[in-house]
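Just below is one structure, and these are the notes that go with it.
Letters go in sequence order (proteins before strands), and every chain restarts at 1.
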Amino acid sequence: MQVTVNGVATVLADDSTVAELVAERGKGHDRIAVARNGDVVPRSGWASTRLSPGDDLEVLAPTAGG
Amino acid sequence: MTTSELAPALEREEAGDPFELAGETFTSRLLLGTGGAPSLDALERAVRASGTQLVTVALRRVEASSSASMLEVLDRCGVRLLPNTAGCQTAREAVKTAQLAREAFGTPWVKLEVIGDEHTLLPDAVELVDAAEQLVADGFTVLPYTTDDPVLGRRLADAGCAAVMPLGSPIGSGLGIRNPHNIALLRDTVSVPLILDAGIGTASDAALAMELGCDAVLLASAVTRARHPERMALAMRQAVEAGRLARAAGRIPRRWHAEASTPMEGLPEL
């Protein structure tokens, strides 16, 4: 299915979950946060949240900043 | 004197004058931003030399973010992380970013930044107050980066913010405190902690902030972009300490003319 991940059109397997997306995109990162269509997906819901075609996803991680 | 030789004396001074913020107690009154450091090693040295216990971090897309190693460094230093909403231009963006940061870092504390102009990075007062009200209602401990306007500061304190964090001058400008009068007015206006945030260029700026009555100083570029970040971090730590002591000691009044400290009595006729 077609989704957008961090602003880039992406094809993911049907029935992908947020947890699977984080496992793929978040390698080497810690303390990740995910937004789906503008709303926070709590960590406790990553495994049970299935993505839908057209979803707009943001996968974020800490960086240095003032 | 090296960092390690000086640290015990500073730690004794700091321990006797704790900084209360949102129900937490800190001994250090210096908050450090992590942005701009030339390397993780430089960042770690600066964090340790500064004596800070609270450092700011940001959230970005994973492709653009630091790897987990920066967090390892900060965890190793034993500092608490304060996520910011840097880059947000509307209350809506800032609230969403704060909610994401709460999820990522497991803390309801947020340094709230809502920028109104990308050239000056000055706060958007209207969006800032809106975001602060929403976040306070959502249970956040809100630490807002704001202008040096005492009226806006009062509005933020009234909204339930845990501190008010006025700029001295624009972020990263190093121009110091352009309007000391406003910072002093803010001190008299709000009873929540006042943290000078942004514009610090060198140690005397940090000392002035404390002399004007600020409870703490938050700075990043002045240390991370200094030629020697570790040395500047130590200088800032000493400056904050010196300014705090000077404020408590009570400075002499300013006079137009000289007043001799040596008595005239007993002056010989030669």
Side-chain angles (χ1 to χ4, degrees), chain A, chain B residues 31-37 39-40 43 55-75 81-87 92-93 95-107 111 113 121 145 171-172 197-198 200 218-225:
Chain A
M1 67 182 153
Q2 184 92 18
V3 296
T4 303
V5 180
N6 289 354
V8 178
T10 306
V11 176
L12 296 180
D14 291 347
D15 291 338
S16 290
T17 64
V18 170
E20 287 162 354
L21 177 68
V22 169
E24 186 200 327
R25 295 301 184 101
K27 283 196 193 91
H29 293 277
D30 188 18
R31 279 165 264 198
I32 286 172
V34 180
R36 181 191 186 203
N37 301 323
D39 290 320
V40 181
V41 183
R43 191 171 298 258
S44 57
W46 285 0
S48 60
T49 302
R50 294 201 178 279
L51 303 179
S52 301
D55 273 354
D56 192 357
L57 300 146
E58 293 282 348
V59 184
L60 310 178
T63 196
Chain B
L31 287 65
L32 199 64
T34 54
S39 69
L40 278 179
L43 177 63
V55 303
T56 63
V57 288
L59 268 187
R60 286 292 180 266
R61 288 172 167 171
V62 285
E63 302 84 0
S65 68
S66 320
S67 64
S69 48
M70 182 192 74
L71 294 174
E72 287 165 15
V73 163
L74 297 176
D75 289 345
L81 303 182
L82 174 62
N84 69 23
T85 64
R92 187 181 159 281
E93 287 172 2
V95 168
K96 296 274 186 195
T97 301
Q99 290 167 341
L100 285 160
R102 178 168 61 183
E103 189 61 30
F105 294 99
T107 174
K111 174 185 168 181
E113 295 182 48
L121 299 180
Y145 160 68
I171 293 171
D197 177 12
I200 298 286
L218 195 169
L219 54 87
S221 307
V223 161
T224 59
R225 296 197 165 110

Item checked: Contact class of B:Leu81 relative to chain A, heavy atoms under 4.5 angstrom -> side chain
Notebook entry, point to check: Of the backbone (N, CA, C, O) and the side chain (C-beta and beyond), which part of B:Glu113 lies under 4.5 Å from a heavy atom of chain A, both, or neither?
Noted result: side chain
Margin query: With a 4.5 angstrom heavy-atom cut-off, is it the side chain or the backbone of B:Leu218 that approaches chain A, or both, or neither?
Written below: side chain
Margin query: Tell me which one of A:Lys27, A:Glu58, A:His29 satisfies side-chain contact (heavy atoms from CB on, under 4.5 Å) with B:Val62.
Written below: A:His29
Next item on the list: Could you tell me which of B:Asn84, B:Val55, B:Leu82 has the largest number of non-hydrogen atom pairs under 4.5 Å with chain A?
Entry: B:Asn84
Notebook entry, point to check: Can you tell me if B:Glu103 uses its side chain to pair, donor with acceptor, with the backbone of A:Val34 under 3.5 Å?
Noted result: no
Checklist line | Heavy-atom side-chain contact between B:Arg61 and A:Leu60 under 4.5 Å | finding: yes
Note to self: Taking B:Leu59's backbone N and O only, do any of them form a donor-acceptor pair with A:Thr63's side chain (distance below 3.5 Å, no angle check)?
What the structure shows: no
Next item on the list: Heavy-atom pairs under 4.5 Å with chain A are the metric here; pick the option from B:Ala220, B:Gly33, B:Gly35 that has the most.
Entry: B:Gly35
Item checked: CZ (A:Arg43) with more than 12 external heavy atoms under 6.0 Å -> yes
Notebook entry, point to check: Based on non-hydrogen pairs under 4.5 Å, which of A:Asp30, A:Val5, A:Asn6 is most in contact with chain B?
Noted result: A:Asn6
Note to self: To the nearest 0.5 Å, what is the distance between CG on B:Leu100 and CG on A:Asp39?
What the structure shows: 9.0 Å
Margin query: Looking at every heavy atom in both B:Leu71 and A:Pro62, which two are closest together, and how far apart are they?
Written below: CD1-CG, 3.7 Å
Note to self: On a heavy-atom basis, which atom in A:Ala64 and which in B:Ala58 lie closest, and how many Å separate them?
What the structure shows: O-CB, 4.3 Å
Check: Which atoms of B:Ala64 come close to chain A, meaning under 4.5 Å heavy atom to heavy atom: side chain ones, backbone ones, both, or neither?
Finding: backbone
